[in-house]
Protein chains: 2
Amino acid sequence: MKLEDELKQKSFKNPYHRMMVNVMFTGNWLMKELSCQLKPLGLSSQQNNVLGILRGQYPNPATLGLIQERMMDRDSNATRLVDKLLEKGLVTRCQCSHNRRQVDIVITEKGLELLKETDKIIQGLEDRFKQIAPEEATLIGELMDKLREREA
Amino acid sequence: MKLEDELKQKSFKNPYHRMMVNVMFTGNWLMKELSCQLKPLGLSSQQNNVLGILRGQYPNPATLGLIQERMMDRDSNATRLVDKLLEKGLVTRCQCSHNRRQVDIVITEKGLELLKETDKIIQGLEDRFKQIAPEEATLIGELMDKLREREA
DNA sequence: AAACATCAGTTGTATGTACAACTATATAAA
DNA sequence: TTTATATAGTTGTACATACAACTGATGTTT
C-alpha cells in the first residue's frame, strides 16, 4: 500500500519529506512484523538481537559493553535485557575473573536451540519479500547506508 | 557509516537480510534524529505527528479515530497523546454535540505557531540529506512502498 | 599509599508502547 | 420498549526506552 494511502494523506511537500516519513514508517512497520512473529517464542526483537550477538561470540563470552555497541537499538538497557534472557535460561552470566567490573555472558544450549527457531522466522520474512529482486535488496541496503552518511 | 561498521558485524547472510536489518536500523536512527531535534520544543515525534494531522484538518475538528488512523505509529495511544498536547495548550478538546461518543479536537493558534518551528526543523533535516539526489529520494520512497507490498 | 579519575555495569525514574478491559453512547433486533 | 450489538474513547497494566545518578573496581598521579 502506498504511503499516502497508509496515512490517508494526499501528498507530501517534496521527495525528501516523503522519503523521511516513509523510511521511519517502513522501519517501524518491519520491526513490528518481526516482533509479532517472535512473540510466540517469548522473545522481543531486542532480546533476539542480543541472542544473535552472543551466538556470534560463542563459545567465547561477551561483556555487556560489547553487546551494547552491537545492538540495533543502543539505547536499550543491556543489563535488563540480559536479566530477561537469564530468567528464561537462554544465557549464563558470571563475573569476569581478571576484571571484576566486567560480566561475562554466554549463550546456553537452550539459547542456541531457540535461535534455530528464530532463524526460520527471519527466513520466512525474507521469503515474504519476493516482490523485491535481489539487486533491489542490495540497492536498498546501499541507499540506507548513504542516508546515514554525514557530509563534511 | 556502513551498517557493518555500525553494528560491528562482518557480513550478513544475504542481501535480503542486510536490507531488513538496515531498514529497521535506519528508520530507528532517523526517528531518533527527529526526536532529538524536537525535544527542545517539548514535543515528541508522535506529538508532532498529531499536531500535523490537526493542521491538515484545520479549521475543522478531528476525532480521535481520525487521528489514530493517520498516525505513523498506530499503536500509540491517541487519547494520552492529546492529553499531553492539551496540557501545553496546543489543542482544544470538546465533546461533539451530534454524537456524544465522539470528541472534537482542534489545534490552537499556539499549536499552529509551534508547528512553524517544527517545520523549520524538518526542513533542516531535509537539508541534511544533500548527499541524496532528489531522484534517489524518490526512488527510496518507491522502494519503501514496494517493501510493504503483499503478494497475492 | 592516598587521592582522584575513569570504567563497567546497575539502578531509579519519567515517559512511551502494546494490548486488553472497561464506560458511555448509539444503533438494531426482538 | 427492552435487550442485544456495535462504536468512540478511556483507563489499567505490564513492559520497554531514554537518560541520569549511583556503586564498585581499576588505573593514574603525586
Side-chain angles (χ1 to χ4, degrees), chain A residues 24-25 27-50 53 61-88 91-105, chain B residues 24-25 27-50 53 61-88 91-105:
Chain A
M24 290 190 281
F25 182 81
N28 190 32
W29 168 85
L30 185 51
M31 184 70 91
K32 287 186 187 192
E33 286 277 318
L34 177 59
S35 302
C36 171
Q37 298 206 38
L38 288 174
K39 179 160 264 188
L41 300 179
L43 280 183
S44 70
S45 59
Q46 292 299 337
Q47 289 172 4
N48 184 58
N49 188 199
V50 171
I53 292 164
T63 60
L64 279 169
L66 182 141
I67 292 171
Q68 198 126 27
E69 70 175 13
R70 294 176 188 220
M71 278 169 51
M72 282 227 287
D73 185 346
R74 290 182 203 113
D75 291 321
S76 295
N77 192 317
T79 300
R80 286 191 275 239
L81 275 172
V82 169
D83 282 347
K84 295 289 173 184
L85 296 174
L86 200 60
E87 281 172 21
K88 293 172 195 147
V91 304
T92 61
R93 170 164 63 181
C94 60
Q95 201 175 41
C96 179
S97 50
H98 69 278
N99 185 344
R100 286 184 305 164
R101 283 175 303 187
Q102 292 185 353
V103 181
D104 281 346
I105 295 145
Chain B
M24 290 190 282
F25 182 81
N28 191 32
W29 167 86
L30 185 51
M31 184 70 93
K32 286 184 190 194
E33 286 277 317
L34 177 61
S35 302
C36 173
Q37 299 206 37
L38 287 174
K39 180 162 260 188
L41 299 180
L43 280 183
S44 69
S45 59
Q46 292 298 335
Q47 289 172 4
N48 183 58
N49 189 197
V50 172
I53 291 164
T63 60
L64 279 168
L66 182 142
I67 292 171
Q68 199 127 27
E69 70 174 13
R70 292 174 189 222
M71 279 170 47
M72 282 224 289
D73 185 347
R74 287 179 206 119
D75 290 321
S76 296
N77 193 318
T79 299
R80 285 191 277 239
L81 276 171
V82 169
D83 283 347
K84 295 289 174 187
L85 297 173
L86 201 60
E87 279 171 24
K88 294 173 194 144
V91 303
T92 60
R93 172 163 62 180
C94 63
Q95 200 176 41
C96 179
S97 51
H98 69 276
N99 184 344
R100 287 182 307 164
R101 283 174 306 184
Q102 291 187 351
V103 181
D104 280 347
I105 295 146

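Proteins come first, then strands; the chains are lettered A, B, ... in the order of their sequence lines, and each starts at number 1. When reading the values below, keep in mind they use all heavy atoms of this one structure, side chains included, and skip hydrogens, waters and symmetry mates. If you're wondering where the values come from, they're calculated on a predicted model, not measured in any experiment.
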Should [X] be listed as having a side-chain N or O under 4.0 Å from OP1 or OP2 of [N]?
| X | N | result |
| --- | --- | --- |
| A/Arg100 | D/dG24 | no |
| B/Thr63 | D/dG9 | yes |
| B/Lys32 | D/dT17 | no |

Using a heavy-atom cut-off of 4.0 Å across all strands, would you classify [X] as base, sugar-phosphate, or nothing?
| X | answer |
| --- | --- |
| A/Ser76 | sugar-phosphate |
| B/Asn77 | base |
| B/Ser35 | nothing |

Any donor-acceptor N/O pair under 3.5 Å between D/dG9 base and B/Arg80 side chain:
no
From the set [options], return the single nucleotide nearest to any side-chain atom of [X].
| X | options | result |
| --- | --- | --- |
| B/Arg101 | D/dG24, D/dG12, D/dA8 | D/dA8 |
| A/Lys39 | C/dC19, D/dA18, D/dG9 | C/dC19 |
| A/Leu64 | C/dT10, D/dA16, D/dA18 | C/dT10 |

Are any of the side-chain nitrogens in B/Lys32 or A/Asp73 under 4.0 Å away from the carboxylate oxygens of its partner?
yes
Test log, rule side chain to side chain contact (heavy atoms under 4.5 Å, CB included), inputs A/Leu34 and A/Leu30
CA-CA 6 Å; A/Leu34 177 59; A/Leu30 185 51; 5.8 Å; no
Of A/Leu81 and B/Val103, whose closest DNA chain D nucleotide lies nearer the 5' terminus?
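Nearest nucleotide further toward 5': that of B/Val103.
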Would you kindly give the [atom1]-to-[atom2] distance between [X] and [N], to the nearest whole Å?
| X | N | atom1 | atom2 | value |
| --- | --- | --- | --- | --- |
| A/Leu38 | D/dA16 | CG | P | 13 Å |
| B/Leu43 | C/dG16 | CG | C1' | 15 Å |
| B/Asn99 | D/dG9 | CG | P | 8 Å |
| B/Glu33 | D/dA18 | CD | P | 13 Å |
| B/Gln102 | D/dT10 | CD | C1' | 15 Å |
| B/Lys84 | C/dT17 | NZ | P | 11 Å |
| B/Asp83 | D/dG12 | CG | C1' | 14 Å |
| B/Met72 | C/dA18 | CE | P | 13 Å |

In this structure, which one of A/Gln47, A/Met71, A/Gln68 forms a side chain to side chain contact (heavy atoms under 4.5 Å, CB included) with A/Ser76?
A/Met71
Intermediate values then yes/no, side chain to side chain contact (heavy atoms under 4.5 Å, CB included), A/Thr63 and A/Ile105
CA-CA 6 Å; A/Thr63 60; A/Ile105 295 145; over 6 Å; no
With a 3.5 Å distance limit and no angle check, can you tell me whether A/Gln95 reaches the backbone of A/Arg100 through a side-chain donor-acceptor pair?
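Side chain of A/Gln95 to backbone of A/Arg100, a donor-acceptor pair under 3.5 Å: yes, one is there.
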